[in-house]
Amino acid sequence: MTAQTTNALIEMQSVSKFYDKYQALKEVSLSVPKGKKLVICGPSGSGKSTLIRCINGLESYLEGRITVDGTFLAPSGKGADAVRRKVGMVFQHFNLFPHLTVLQNLTIAPVRIGKVPKAEARERAMQYLERVHIADHADKLPSQLSGGQQQRVAIARALCMKPQAMLFDEPTSALDPEMIGEVLDVISELAEDGMTMICVTHEMGFARRVADEVVFMDQGIILERRPPEEFFSDPRHPRARAFLDRILR
Ligand code: ADP
């Protein structure tokens, strides 16, 4: 189904998600216009990861409606393949194939799923490796790279599918502190180039610099969605204030 109800690139309407009896998302609505950069923050367990995993069909949902660029992602997950061609995802733990080289990690999906000819896929992969400043390591295995380098490879791998939007699920949480900056710099460059993105992160400096809006979640609900300068200087909801007091202390 391709019916488009709004001009948003990513649209969630009243989405509810349960894990058995536990409700992780409570009628969440989120609309992301093309080119917007959202940072999602909130306490651990508030549903941030579940929300973005629902957007690319890694989790089914019970009720509501999700569309990406007009493609309907059914609650059951039907439509996920089409949606994943439009949104790339980067995970906390990189999720690279350990037995494949960096270059092979980048070409496998375009060749097998995107039906891109091998030579073109390799050329595209090298372009994106240059873009994340790691082309010198194309023939190495992931285990031969630092965590920051592996995460940059994971970003390049997602870009090789030429997504219209990128989802980042705590992309720097598993990194040693000295590697966080290099990954956030790459994400910032993507943002500057106009990529639509949703990033779940606790990096509030990044949120201030890069986000058009900060979304604050708690207990499966979006409690605030505001430009960073407003959110950080004057959080409205008491739970947002308490959260910021804790993490910015
Ligand atoms: P956050 O990303 O904000 O830390 P999550 O989306 O990971 O939160 O989790 C939201 C809630 O759903 C938490 O209470 C978590 O324990 C629960 N949850 C997440 N994934 C699963 C799962 N696969 N099975 C059962 N419960 C889950």
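Keep in mind that the numbers below use all heavy atoms, side chains included, and drop hydrogens, waters and symmetry copies. Both ligands and their constituent atoms are indexed starting at 1 by order of listing. Heads up: numbering here begins at 1 and tracks the sequence.
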Original post:
Does K21 make a cation-pi contact with F18, if we ask for NZ or CZ under 6.0 Å from the ring centre and within 45° of the axis?
Top reply: no
**OP:** Check whether any N or O atom of S46, backbone or side chain, sits under 3.5 Å from an N or O atom of ligand 1, and answer yes or no.
**Re:** yes
Original post:
Going by heavy atoms, is G47 under 4.0 Å from ligand 1?
Top reply: yes
Subject >> ligand 1 N/O within reach of K48 N/O, cut-off under 3.5 Å >> reply: yes
Subject >> Protein contact of atom 27 (C) of ligand 1 - nearest heavy atom, named by residue and atom, plus distance >> reply: Y19 CD1, 3.3 Å
Original post:
If every non-hydrogen atom of L25 is compared with every non-hydrogen atom of G47, which pair is closest and at what distance?
Top reply: CD2-O, 3.6 Å
Subject >> Nearest protein heavy atom with distance in Å, relative to atom 10 (C) of ligand 1 >> reply: G45 O, 3.4 Å
Original post:
Quick one: does atom 20 (N) of ligand 1 have a protein heavy atom under 4.0 Å from it?
Top reply: yes
Subject >> Nearest neighbour in protein (non-hydrogen) for atom 6 (O) of ligand 1 >> reply: T50 OG1, 2.5 Å
Subject >> Any G220 heavy atom less than 4.0 Å to ligand 1 >> reply: no
Subject >> Heavy-atom pair of closest approach, residues I55 and V83 >> reply: O-CG1, 3.3 Å
**OP:** Say whether, by atom type as modelled, one donor and one acceptor occur between the side chain of R226 and the main chain of D234 under 3.5 angstrom.
**Re:** yes
Original post:
Is the closest basic N to carboxylate O distance between R152 and E182 below 4.0 Å?
Top reply: yes
**OP:** Would you confirm whether any non-hydrogen atom of the protein falls under 4.0 Å from atom 15 (C) of ligand 1?
**Re:** no
Original post:
Is R236 close enough and on-axis enough to F216, meaning under 6.0 Å and within 45°, for cation-pi?
Top reply: no
Original post:
Quick one: nearest non-hydrogen protein atom to atom 7 (O) of ligand 1, plus distance?
Top reply: S49 CB, 3.7 Å
Original post:
For ligand 1, which atoms have a heavy atom of P43 less than 4.0 angstrom away?
Top reply: 3 (O)
Subject >> Criterion side-chain contact (heavy atoms from CB on, under 4.5 Å) against E120, the qualifying member of E123, K118, R122, R124 >> reply: R124
Original post:
Is there a donor-acceptor contact under 3.5 Å from the side chain of T196 to the main chain of G35?
Top reply: yes
